[in-house]
Amino acid sequence: MSKTQTVKGTREFYPEEMALRNYLYEKVRAASQAFGYQEWDGPFIETIDLYAAKSGEELVKKQSFVFEDRGGDLVTLRPELTPSLARMIAAKQNELTYPVRWWSFGPFWRYEQPQKGRAREFFQWNIDMLGVNSPEADAELIAVAAAFLRSVKLDPQRAVIYVNNRRLMDSQFDALGIPVEKRLEVSNLVDRRSKMDSAKWDAYALESGLMQKQLDGLKALLGDFDLWKKSDELTRLFAALEALGVKEYVKFDPNIMRGLLYYTGTVFEAFDTSGSLKRAILGGGRYDNLLADVGGQPLSGVGFAMGDVVIGIILQEAGLLPEFKPSPASVMVTVFDESLWMKSYALASELRRAGLNTVVYPEPAKLPKQFKFADKMKMRVALVIGPDEAEKEQVVVKDLSNGSQQTVQKERLLDVIQKILASL
RNA sequence: GUGCCUGUAGCUCAACGGCAGAGCGCCACACUGUGGAUGUGGAUGUUGUGGGUUCGAAACCCAUCAGGCACCCCA
């Protein structure tokens with residue numbers, strides 16, 4: 001072990017991990033762009049004040065990396081993106097073209113206890129639509145999430161997006177006579193239910209001030225998976241999801257509450273149903289009042305976020321990651337001996353100019369060693385220029401996937417290589 | 001920030017308080033014009049770190065760091 005350790009909860013991306021990160025980025029971009037969303041980003045460092053307004057005390061006081069800069073101002077590594085989004089939208093509120101559809105994929109930091117699925121430094125996909133307040137807009141965001149899940153080959157049996165609606169739950173809480181000031185506590189109670197055994201949970205609920213009748217009502221509520229039919233918003237949402245072709249990924253669940261204060265309508269969370277992780281893959285919902293806190297006019301939005309850590313573990317455990325290819329080059333030119341060294345270098349250069357990613361062995365070495373290297377780097381084609389070939393302007397082309405090889409004239413070389421690369 | 005568990009070779013793990021080991025991987029050779037397979041040989045290390053107990057510590061105790069599980073929160 002080296003003497004200096006990494007900072008707790010940070011992550012080192014060796015080429016294999018970097019490939020996974022780029023794979024996620026690629027799929028995130030594809031899903032976002034398929035629905036016409038524009039890529040954007042905010043600063044990685046913000047003032048602490050930006051988050052003080054709306055993010056919730058927990059996030060600001062306990063989970064942010066806060067520093068005093070050299071000028072004495074308190075700054076923080078961004079723990080989430082939504083406040084930056086709100087400010088940037090507010091700053092150009094009257095010149096943007098609505099609806100705004102924006103997505104982003106970048107680093108975030110939270111000072112948390114690292115464990116499986118949670119790091120202090122992570123990458124997060126954020127995607128939002130602003131300026132339209134409708135269940136159909138909510139459905140579009142859920143459809144983007146489903147499109148992503150589909151694109152990484154997580155099928156609806158494996159990944160489910162659970163949906164609920166804050167307004168629906170509020171009206172149900174009203175009916176039970178649960179006062180507004182108790183809502184947050186009840187929300188937390190609901191969030192906790194799956195983690196406690198039911199007798200304990202009952203006792204805990206009563207202890208927190210619910211009457212027995214309210215508790216019974218609450219339990220009936222949380223077990224009612226047809227409750228969505230009472231909500232016009234959710235009825236429209238599910239109709240839209242069906243039209244968008246993603247209905248099989250989505251289920252109504254009255255137990256989905258979500259802790260963040262700013263959600264006002266539809267809320268949703270995606271989970272892996274069969275893996276070892278019980279953490280949300282992604283989560284989001286509708287928010288209505290975000291811009292007011294940064295000085296903008298009221299503007300409604302809907303969006304969600306997905307961290308790279310949980311989805312990465314799930315895809316790995318499910319065996320859904322594409323095979324890691326160490327070298328971005330598929331072609332390697334061997335160096336036969338010192339006298340032919342520069343011939344190999346020249347050939348490699350020619351191939352690169354023709355658009356082929358090409359590795360050339362950096363020194364003369366025994367051929368077995370060079371071939372072993374090409375094999376380990378999972379390259380597809382190895383080229384040899386020995387004395388015989390050099391004399392006749394030929395090159396030996398070996399297909400490393402099956403061991404077959406042929407000697408070709410240099411003019412035909414590109415064609416032959418390209419044919420091999422094109423075949424599976 | 002709190003509680004519990006774990007930390008030994010690159011990886012997965014073993015070793016009763018008594019000489020630190022195995023499998024896989026790695027390197028070399030068999031193979032001086034050809035990778036994967038096979039065989040032979042080789043190197044694995046301040047037992048996370050620092051202290052203590054003991055004739056003797058990888059093991060027991062304390063501290064510390066890191067990881068995991070739960071709480072909290074959440075992507």
Side-chain angles (χ1 to χ4, degrees), chain A residues 1-11 14 24 28 55-64 78-82 104-127 145 187-188 191-192 195-196 257-261 263 268-272 276-285 303-314 332 334-337 340 361 364-390 395-407:
Chain A
M1 185 190 288
S2 69
K3 214 127 193 194
T4 55
Q5 295 182 327
T6 55
V7 172
K8 182 172 179 166
T10 58
R11 294 148 73 210
Y14 286 84
L24 290 176
V28 158
S55 294
E57 280 189 31
E58 178 77 20
L59 198 59
V60 180
K61 290 198 176 144
K62 297 174 81 174
Q63 296 200 345
S64 292
R78 61 181 187 183
E80 61 164 339
L81 192 60
T82 307
S104 181
F105 185 83
F108 293 86
W109 294 264
R110 288 189 193 172
Y111 198 83
E112 276 199 287
Q113 211 49 251
Q115 48 191 277
K116 198 174 183 184
R118 285 291 177 268
R120 287 186 175 178
E121 182 176 59
F122 56 97
F123 284 76
Q124 189 170 273
W125 175 27
N126 284 268
I127 181 162
S187 292
N188 286 337
D191 274 340
R192 214 163 296 170
K195 295 174 184 170
M196 298 172 79
M257 293 301 291
R258 298 193 56 69
L260 288 179
L261 300 173
Y263 292 118
F268 55 94
E269 279 180 340
F271 284 89
D272 175 19
S276 69
L277 271 183
K278 292 288 163 255
R279 294 181 182 281
I281 298 171
L282 57 88
F304 69 84
M306 179 186 81
D308 68 318
V309 183
V310 170
I311 187 71
I313 292 170
I314 288 169
M332 188 182 92
T334 59
V335 175
F336 191 86
D337 61 25
L340 292 164
Y361 206 83
K366 288 182 184 174
L367 280 178
K369 192 171 176 182
Q370 298 189 43
F371 274 87
K372 205 169 271 191
F373 176 81
D375 187 50
K376 279 194 177 152
M377 297 303 275
K378 292 215 166 69
M379 286 184 280
R380 182 67 194 278
V381 173
L383 306 179
V384 181
I385 310 175
D388 302 343
E389 292 80 20
V395 177
V396 173
V397 182
K398 179 162 181 170
D399 182 342
L400 291 169
S401 67
N402 58 25
S404 67
Q405 70 177 48
Q406 50 187 312
T407 305

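A note on names: the letters A, B, ... follow the listed sequences, proteins ahead of strands, and every chain is numbered from 1.
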Heavy-atom side-chain contact between [X] and [Y] under 4.5 Å:
X	Y	answer
A:Q406	A:V396	no
A:F371	A:K398	yes
A:V384	A:F336	yes
A:R279	A:Q115	yes

Could you tell me the separation between the [atom1] atom of [X] and the [atom2] atom of [N], rounded to a whole number of Å?
X	N	atom1	atom2	result
A:R118	B:G68	CZ	P	12 Å
A:K278	B:G68	NZ	C1'	17 Å
A:K372	B:U38	NZ	P	12 Å

Hey, does [X] reach any base, or is it just sugar-phosphate, or nothing, if we go heavy atoms under 4.0 Å?
X	result
A:Q405	base
A:E269	nothing
A:A305	sugar-phosphate
A:G284	nothing
A:I281	sugar-phosphate
A:V310	nothing
A:L282	sugar-phosphate
A:S401	base
A:F108	nothing
A:R380	nothing
A:D308	nothing
A:A365	nothing

Per-pair distances, 0.1 Å, donor-acceptor, side chain in residues 303-310 of chain A, under 3.5 Å, sequence neighbours excluded:
residue	atom	partner	partner atom	Å
A:D308	OD1	A:R11	NH1	3.4
A:D308	OD1	A:F123	N	2.8
A:D308	OD2	A:R11	NH1	3.1
A:D308	OD2	A:R11	NH2	2.7

Worksheet item: How does RNA chain B look in dot-bracket form if you count Watson-Crick and G-U pairs under 3.5 Å, write [ ] for pairs that cross, and put | where a base pairs with another strand?
Response: (((((((..((((....[..)))).(((((.......))))).....(((((..]....))))))))))))....
Worksheet item: Stepwise, does the side chain to side chain contact (heavy atoms under 4.5 Å, CB included) test hold for A:Q370 with A:M332?
Response: CA-CA 9 Å; A:Q370 298 189 43; A:M332 188 182 92; 4.1 Å; yes
Discussion item. Under 4.0 Å from OP1 or OP2 of B:U64: is there any side-chain N or O of A:K8 that close?
Written reply: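 Answer is no, no contact under 4.0 Å.
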Worksheet entry | Near-parallel close stack of A:F122 and B:A75 base (under 5.5 Å, under 30°) |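 By the stated criterion, A:F122 and B:A75 stack.
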Worksheet item: Is it true that a side-chain atom of A:R120 and a backbone atom of A:E112 form a donor plus acceptor pair closer than 3.5 Å?
Response: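 Pair found, side chain donor or acceptor close to backbone of A:E112.
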